[in-house]
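Because the structure is a prediction, the values reported are computed rather than measured. So you know, we letter chains A, B, ... as the sequences are listed, proteins then strands, and number each from 1.
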Amino acid sequence: MSLIDATLPVLVAQGHNIDRRLSHRWAQALGQIGVTRVKSPKEPVVASEALYGLDGALTGDYQELFKKLRRLGQLEVVFGDDEGWATALAACWLEEGGSNLVCSLRGVGRLPALESLRLYLHLSGREKLANSGQAFLEIRQLFERLSGLAIDPFEPVLGRGVFAGESGVHVDSWPKDPSLYEPFPPELVGAKRLLTIGRHTGRVALRLKCWQLGLTWPEEKAPDLLTWIRDKAVELERSLTDQEFVDLAESHMGTWA
Amino acid sequence: MRPVKLVDATLRDGEQAPGLAFSPEVRAQLAVAMDAAGIFQLEVGCPAMGPAEVDNVKAIKKVCSRALISAWNRIRPSDVEASLSSGADLIHLAWPTTKLHLERKIQKTWAKAAEDLATCLKLAKGQAQVSVGLEDVSRATPEELSRAAELLLSLEVKSVRLSDTVGILTPTQARSLVRFFLNKGFLVEFHAHNDLGLAVANTLAAALAGAEKVDVTLLGVGERAGNCALARLVDLTSHKLDLGLTLQKAQELEDLARPYLDRAFYARNLLASKAPDIEGFFYKLA
């Protein structure tokens, strides 16, 4: 067992009431991404016998330390976030073959972030994920409901906007091979590729956006259109919404078919 | 404490984050502040984007008195020419380290890519400093790493940037990569992405392993889950490394940039979009 989820006891310790039905759904959703040990709201965040006090290890010879600690058996292992690198240290622990790692979603309670470590296990080939998108969606929604906290659209693994693309260099890679600039496919974590038009838009992105919006590709006007888009984005100091993009094009080219 | 040079990429990689577009005034304001704060190098754009971007780089070069100004380039002579015309002090060239990037992204043979790199280096020689970025280095095989190192040594490249393009390294792996290139005799720069939330810790590990330069952005802004956040890195490295600026200065810079990096409006629109999934149109371009 690699990961032990302590999200619910942490939330309880922070004063949240955890509904039994939601608690059950939480355990089910985590089970679907391979996290089989999920602490109930009534359990302590950390077992009475556990390994902790290792928070500063990252700047020392942690590999040697971890080898020794692994010989101590199946105790729970806790890396706190006092130094700001709990998740990184936890990833190193897993990398050295460690297990029984106590973590929580988004690292609440100053623990390592479960979602990052679950993706680390997937990417390292140790515990692959498959068809996990729906479970991640459920985990995201349940966490927001249980904690009252909103997940930032651009935070690692859980952010719904992480796979948005605008720059020429990245969007150009999507039709060639999306894995060029993606660590894992968005569908693995219940996210989507989202196309934005703005200052860094190139020709490929523009064509994709036209098709996506059902607009005729204005081949001859494309270079001008890219310039108008860039100028408008700089004027607005942000990317364009789809409607702003259509309005901009129509203001220069007339009504779009 | 060992000094480590900071390279801020907010005005290049940072601004590539969907939703952002800096006006020339904002670019200048941020560049001046970072220059005055003591950031060693500012990577400020891709002049190959066109004349407006060349002007952006020129304008920043004009207002900065201390920081090295660098520009990002593909291995295309036209990119290097654009960067040289911008007056950038340093030309950064991106090398596709993995077979994936070589075959699927730039779609060239290794020999052709090596020839293009040599041409670009020749163009820049004597006109600007040069560094070569090993893109996708975190997914490279040991053979690909050795091959890249041998090529760069044969072309007399001294400075390499190790780019964890998809943000999948751990601190142990970052440290090991830095040591591999240090042992080959390179000056090493490290560029992290935050896909697993490890960008700051990986950058710290790279710096402690001996990297000469490390890349940051203000508030960690960047594509996908972002890059290594300046103030968080400065905070973590205090008493361990000398990054050339205090935590207070780093926080002041991020406070200055915060309004320009706010993507709340963008995110609301993005997530509310009812446009069809984009994958359905890839076949038209494949």
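The distance between the ring centers of A:F136 and A:F143 does not fall below 6.0 angstrom.
Ranked by heavy-atom pairs under 4.5 Å with chain A, the first of B:I168, B:V26, B:L100 is B:L100. Comparing B:K240, B:R139, B:Q107, B:R232 by heavy-atom pairs within less than 4.5 Å of chain A, the highest count is held by B:R139. Between chain A and the options B:L270, B:L196, B:L20, the largest number of non-hydrogen pairs under 4.5 Å is found for B:L196. Comparing A:L119, A:V234, A:L240, A:T201 by heavy-atom pairs within less than 4.5 Å of chain B, the highest count is held by A:V234. By number of non-hydrogen pairs under 4.5 angstrom with chain A, the leading residue of B:D136, B:I278, B:D235, B:L208 is B:I278. Annotation: maximal heavy-atom pairing with chain B below 4.5 Å, among A:T227, A:L213, A:D242, A:D177, occurs at A:D177. Between chain B and the residues A:C92, A:A91, A:G159, the largest count of heavy-atom pairs under 4.5 Å involves A:C92. Among B:E223, B:E53, B:M49, B:R175, the residue making the largest number of heavy-atom pairs under 4.5 Å with chain A is B:E223. Chain A forms more heavy-atom pairs under 4.5 Å with one residue of B:G19, B:G280, B:A199, B:G220 than with any other, namely B:G19.
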(request) Might you work through the salt bridge (charged side-chain N to carboxylate O under 4.0 Å, His left out) test for B:K112 and B:D116, ending with a clear yes or no? (result) CA-CA 6 Å; B:K112 174 69 176 126; B:D116 289 349; 2.8 Å; yes
(request) Would you please test B:T172 and A:Y62 for side-chain hydrogen bond (donor to acceptor under 3.5 Å, both in side chains) and show each step? (result) CA-CA 9 Å; B:T172 308; A:Y62 57 83; 2.6 Å; yes
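Heavy atoms closer than 4.5 Å to chain A are found in the side chain of B:Y266, but not in its backbone. Heavy atoms of B:Q16 lying under 4.5 Å from chain A belong to its backbone as well as its side chain. Using a 4.5 Å cut-off between heavy atoms, A:S179 touches chain B through backbone and side chain atoms alike. Contacts of A:L208 with chain B are made by both backbone and side-chain atoms, with heavy-atom separations under 4.5 Å. For B:L198, the part lying under 4.5 angstrom from a heavy atom of chain A is the side chain only. Heavy-atom distances place no part of B:R74 under 4.5 Å from chain A, backbone and side chain included. For a residue to count as touching a neighbouring chain, one of its non-hydrogen atoms must lie under 4.5 Å from one of that chain's; by this rule A:A113 does not touch chain B. With a threshold of 4.5 angstrom between heavy atoms, B:E135 approaches chain A through side-chain atoms but not through N, CA, C or O. Neither the backbone nor the side chain of B:D164 comes within contact range of chain A, judged by heavy atoms closer than 4.5 Å. Using a 4.5 Å cut-off between heavy atoms, A:Q63 contacts chain B through its side chain alone, with no backbone atom that close. Only the side chain of B:S273 comes within less than 4.5 Å of a heavy atom in chain A; its backbone stays farther off. B:N194 touches chain A through backbone and side chain together, each having a heavy atom under 4.5 Å away. For A:Q212, the parts sitting under 4.5 Å from any heavy atom of chain B are the backbone and the side chain alike. Only the side chain of B:R27 comes within contact range of chain A, with at least one heavy atom under 4.5 Å from a heavy atom of that chain. A:L180 touches chain B through backbone and side chain together, each having a heavy atom under 4.5 Å away. The contact between A:T241 and chain B is made entirely by side chain atoms (from C-beta outward), counting heavy-atom distances below 4.5 Å.
Remark: side-chain polar atoms of A:E64 are not paired, donor with acceptor, to backbone N or O of A:D61 under 3.5 angstrom. Here the side chain of B:T217 pairs no donor or acceptor atom with the backbone of B:T10 at under 3.5 angstrom.
A salt bridge is defined here as a Lys NZ or Arg NE, NH1 or NH2 lying under 4.0 Å from an Asp or Glu carboxylate O, and A:E96 with A:R70 fails to meet this definition. With respect to the salt-bridge test (charged N to carboxylate O, under 4.0 angstrom), the residues A:R193 and B:E279 qualify. For A:E95 and A:R126, the salt-bridge test fails: no basic side-chain N is under 4.0 Å from an acidic carboxylate O. Here A:E235 does not pair with A:R199 in a salt bridge; the nearest charged N to carboxylate O distance is not below 4.0 Å. Taking 4.0 Å as the cut-off between side-chain N and carboxylate O, A:K232 and A:E244 do not count as a salt-bridged pair.
Here the closest non-hydrogen pair linking A:C210 and A:F245 is SG-CZ, 4.3 Å. Across all non-hydrogen atoms, the minimal contact from B:F282 to A:W174 is CZ-CB, 3.4 Å. Residues A:L105 and A:T7 approach most closely at N-OG1, 2.9 Å, considering heavy atoms.
A:W211 and B:F281 have parallel rings, their planes meeting at less than 30° on a 0 to 90° scale where 60° marks the start of perpendicular. Taking the six-membered ring where tryptophan is involved, the planes of A:F66 and A:W93 are perpendicular, since the angle between them exceeds 60° and thus also 30°.
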